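Here is the structure we will look at, set down as structure tokens.
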There are 2 protein chains.
Amino acid sequence: MTNPKEAAPKATGHTQRGQCSKRLSILDAAAEVFCREGFAGASIDEIAVEAGVSRQTIYNHYREKETLFTAVVEDVMNRTNASLFSILATFPGTPGNLEDDLTAFAVRLTKNCLCNQDGKILRKLVQSEGERYPQLFEGWRKHGPGRIGTALAALFARLSHGGALQMDDFDLAARQFLALVNADLQMLMLFGESPTAEQLDNAARNAVHTFLRAYSAPAANPATRLPMRADSDPRRTGQA
Amino acid sequence: MTNPKEAAPKATGHTQRGQCSKRLSILDAAAEVFCREGFAGASIDEIAVEAGVSRQTIYNHYREKETLFTAVVEDVMNRTNASLFSILATFPGTPGNLEDDLTAFAVRLTKNCLCNQDGKILRKLVQSEGERYPQLFEGWRKHGPGRIGTALAALFARLSHGGALQMDDFDLAARQFLALVNADLQMLMLFGESPTAEQLDNAARNAVHTFLRAYSAPAANPATRLPMRADSDPRRTGQA
DNA sequence: GACGTTTTAGACAATAGTGTCTAATTTGAC
DNA sequence: GTCAAATTAGACACTATTGTCTAAAACGTC
């Protein structure tokens with residue numbers, strides 16, 4: 001999905017590129033099919049066709065279906081983890097406007113980690129097969145939302161220490177921040193649709209606005225109290 | 001699951017009660033197995049064994065696997081919908097302490113609709129099979145979160161009109177309320193574990209506290225601003 | 001152009017699942 | 001007790017899938 005490859009879904013068979021890019025084709029196709037059909041519903045032949053690869057090639061690289069499945073999960077998890085890291089580093093060290101900074105940060109987070117194809121695949125696989133593969137689930141918990149949670153908590157601790165926010169439980173605030181960001185998005189994601197840039201922006205704006213009303217330090221921020229109705233941004237509201 | 005029935009999972013075959021309660025046994029067992037294995041992974045034989053019923057009986061009642069599946073979904077949706085209605089009516093018309101009322105309400109909601117067995121089954125089936133059965137998904141959207149959302153929005157509109165809350169988008173507030181309630185719970189639910197009463201209570205308390213910090217009318221509520229650290233309830237915080 | 005590796009198509013056995021059919025048994029109602 | 005309806009076990013044909021095997025073809029490298 002994210003890997004650079006030719007997307008020809010039904011190449012009749014022969015040569016398309018170097019021999020080792022087949023692994024990537026297989027992983028991507030398998031991720032797609034596992035996500036769409038579930039582990040039990042996905043057939044190796046379907047994956048082979050979608051990858052433009054012979055079935056035997058799949059069995060050569062990954063001994064059996066389960067091996068392929070865990071390889072897919074690890075692959076998606078690694079990619080998501082990497083992009084997570086790079087996003088977390090983008091929050092400005094010396095903030096200008098806190099609301100704008102947080103909003104832009106939330107947009108980057110949703111666009112590149114939570115709502116992209118990898119995020120969708122990961123969420124669906126964890127939900128549908130997580131109970132059957134506890135070790136896989138544990139890895140996701142540590143590398144995915146676990147890491148994002150603690151990183152966010154650290155960010156909020158920094159902002160609180162600097163006087164911009166006021167809270168007594170950073171982990172709780174991190175969980176609530178993520179929950180608020182998802183509030184307008186999760187319905188969309190269940191539908192399998194990926195939100196438009198405008199929907200992402202609205203969702204982030206709504207989330208951050210409410211978050212800051214709850215957590216911004218008393219005198220520090222203009223968006224804190226009262227000005228409720230006369231709002232500078234007319235499209236802050238509205239269903240995502 | 002919720003239906004009154006004997007839970008004997010492996011009754012060798014014959015007679016246990018009236019003939020028409022077989023339908024319920026089948027529906028409950030099928031819900032369980034579909035939830036655990038997914039549509040493709042669930043086998044009719046497995047369902048038959050779990051229901052303590054012959055395979056042929058299943059084919060007599062529900063012509064084929066798909067018919068059984070949609071019957072299961074409708075059954076779970078109806079139960080959830082009914083309990084949803086009864087919960088929504090429990091919010092006191094003349095509020096005493098808004099924070100306590102909202103918290104108790106949130107606990108009832110999560111305990112009886114969102115986090116019980118039916119809620120888990122519904123969420124998982126929608127997530128894993130929703131894209132394959134759009135009509136089923138549409139029904140869930142209307143009867144489930146759709147309804148809960150508008151009902152909550154109406155409640156918040158009433159409270160705003162009465163001066164207890166201050167907001168300009170009731171639907172958004174409803175979505176955020178639900179998101180905040182889920183913030184501490186969704187990790188637990190993905191694990192397949194059902195939260196304890198204490199976890200439910202903490203989650204509701206955390207959610208309502210933050211919600212009111214963002215949305216309570218300026219002078220109406222003591223939990224609004226400033227008293228942050230000296231809190232009357234020592235266990236409001238803490239991982240769910 | 002030759003060579004070793006990778007890939008491919010296709011056949012193959014083994015297994016599992018769906019949905020049908022039948023004959024025997026059980027059930028509930030009268 | 002009788003009778004009709006429901007239920008049952010088991011066999012059955014059919015299809016799909018997994019995983020293996022083999023011989024042929026394509027590939028990259030030299």
Side-chain angles (χ1 to χ4, degrees), chain A residues 5-6 8-30 32-72 128-129 132-133, chain B residues 5-6 8-30 32-72 128-129 132-133:
Chain A
K5 62 144 192 177
E6 50 293 306
K10 292 211 169 192
T12 9
H14 53 246
T15 153
Q16 25 201 95
R17 187 142 21 115
Q19 60 270 43
C20 257
S21 79
K22 305 257 171 182
R23 287 186 86 94
L24 299 184
S25 300
I26 294 173
L27 280 181
D28 286 342
E32 196 68 28
V33 176
F34 279 136
C35 174
R36 199 171 57 226
E37 319 277 354
F39 178 80
S43 88
I44 300 284
D45 295 86
E46 197 176 352
I47 295 172
V49 170
E50 191 133 338
V53 145
S54 155
R55 179 177 68 242
Q56 187 55 38
T57 303
I58 295 183
Y59 281 107
N60 287 344
H61 285 282
Y62 310 92
R63 192 170 34 84
E64 56 186 357
K65 198 181 176 184
E66 281 217 8
T67 317
L68 174 59
F69 181 73
T70 63
V72 163
S128 54
E129 317 292 343
R132 202 191 316 282
Y133 300 84
Chain B
K5 63 144 193 178
E6 50 291 307
K10 292 211 171 195
T12 7
H14 53 248
T15 153
Q16 22 201 94
R17 188 148 12 123
Q19 60 270 43
C20 259
S21 80
K22 304 255 169 183
R23 288 187 85 95
L24 299 185
S25 300
I26 295 173
L27 279 181
D28 285 343
E32 196 67 28
V33 176
F34 278 136
C35 175
R36 197 171 59 227
E37 318 277 354
F39 178 81
S43 88
I44 300 284
D45 295 85
E46 197 175 353
I47 295 172
V49 170
E50 190 133 338
V53 144
S54 156
R55 180 178 67 242
Q56 186 57 37
T57 303
I58 295 183
Y59 281 108
N60 288 343
H61 284 283
Y62 310 92
R63 191 167 38 83
E64 55 186 358
K65 201 182 177 185
E66 282 218 7
T67 317
L68 174 61
F69 181 72
T70 64
V72 164
S128 54
E129 316 293 343
R132 203 190 315 282
Y133 300 84

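Just so it is clear, the model here is predicted, and its values are computed rather than measured. Atoms considered below: every heavy atom in the structure, side chains included; atoms not considered: hydrogens, waters and symmetry mates. Residue numbers begin at 1 in each chain, while the letters A, B, ... track the order of the sequences.
Counting only heavy atoms from C-beta on, B:E64 has its side chain closest to C:dG19 among C:dA9, C:dG19, D:dT18. For B:S54, taking side-chain heavy atoms from C-beta onward, the closest of the listed nucleotides D:dA9, D:dG19, C:dT18 is D:dA9. Listed candidates were D:dC21, D:dT18, C:dT18. Nearest to the side chain of A:Q56 is D:dC21. In this structure, of C:dT8, D:dT8, C:dG19, it is C:dT8 that holds the atom nearest to the side chain of A:K22. Residue B:D45 has its side chain nearest to C:dT18 when only D:dT17, C:dA11, C:dT18 are considered. Nearest nucleotide to the A:I44 side chain, out of D:dT18, D:dT8, C:dT18: D:dT18. For A:N60, taking side-chain heavy atoms from C-beta onward, the closest of the listed nucleotides D:dT18, C:dT22, C:dT7 is C:dT7.
As a whole-Å value, the separation of A:E46 CD from D:dA16 C1' is 12 Å. Counting to the nearest Å, the C1' atom of C:dG17 and the CD1 atom of B:I47 are 12 Å from each other. Residue B:Y59 contributes atom OH, which lies 13 Å from atom C1' of D:dC12 at whole-angstrom precision. As rounded to whole Å, 14 Å separates atom C1' of D:dT17 from atom CD of A:E37. As a whole-Å value, the separation of B:R55 CZ from C:dG17 C1' is 9 Å. Straight-line distance from the CG atom of B:L68 to the P atom of C:dT18: 10 Å, rounded to whole Å. Counting to the nearest Å, the P atom of D:dA16 and the NZ atom of A:K65 are 15 Å from each other. Separating the CZ atom of A:R63 from the P atom of D:dT20 is a distance of 8 Å, rounded to the nearest angstrom.
A 4.5 Å side-chain heavy-atom check between B:Y59 and B:K65 finds every atom pair outside the cut-off. In this structure the side chain of A:V72 reaches within 4.5 angstrom of the side chain of A:L68, judged on heavy atoms.
Taking the six-membered ring where the residue is Trp, the centroids of B:Y62 and B:F69 are separated by 6.0 Å or more.
Within 4.0 Å (heavy atoms only), B:A42 reaches sugar-phosphate atoms of the nucleic acid but no base atom.
Taking 4.0 Å as the cut-off between side-chain N and carboxylate O, B:E66 and B:R132 do not count as a salt-bridged pair. Classification of A:E46 and A:R55 as a salt-bridged pair fails, no side-chain N sitting under 4.0 Å from a carboxylate O.
Taking side-chain N and O atoms only, B:H61 has a distance below 4.0 Å to OP1 or OP2 of D:dT7. Contact annotation: A:T57 side-chain N/O to C:dT8 OP1/OP2 distance is under 4.0 Å.
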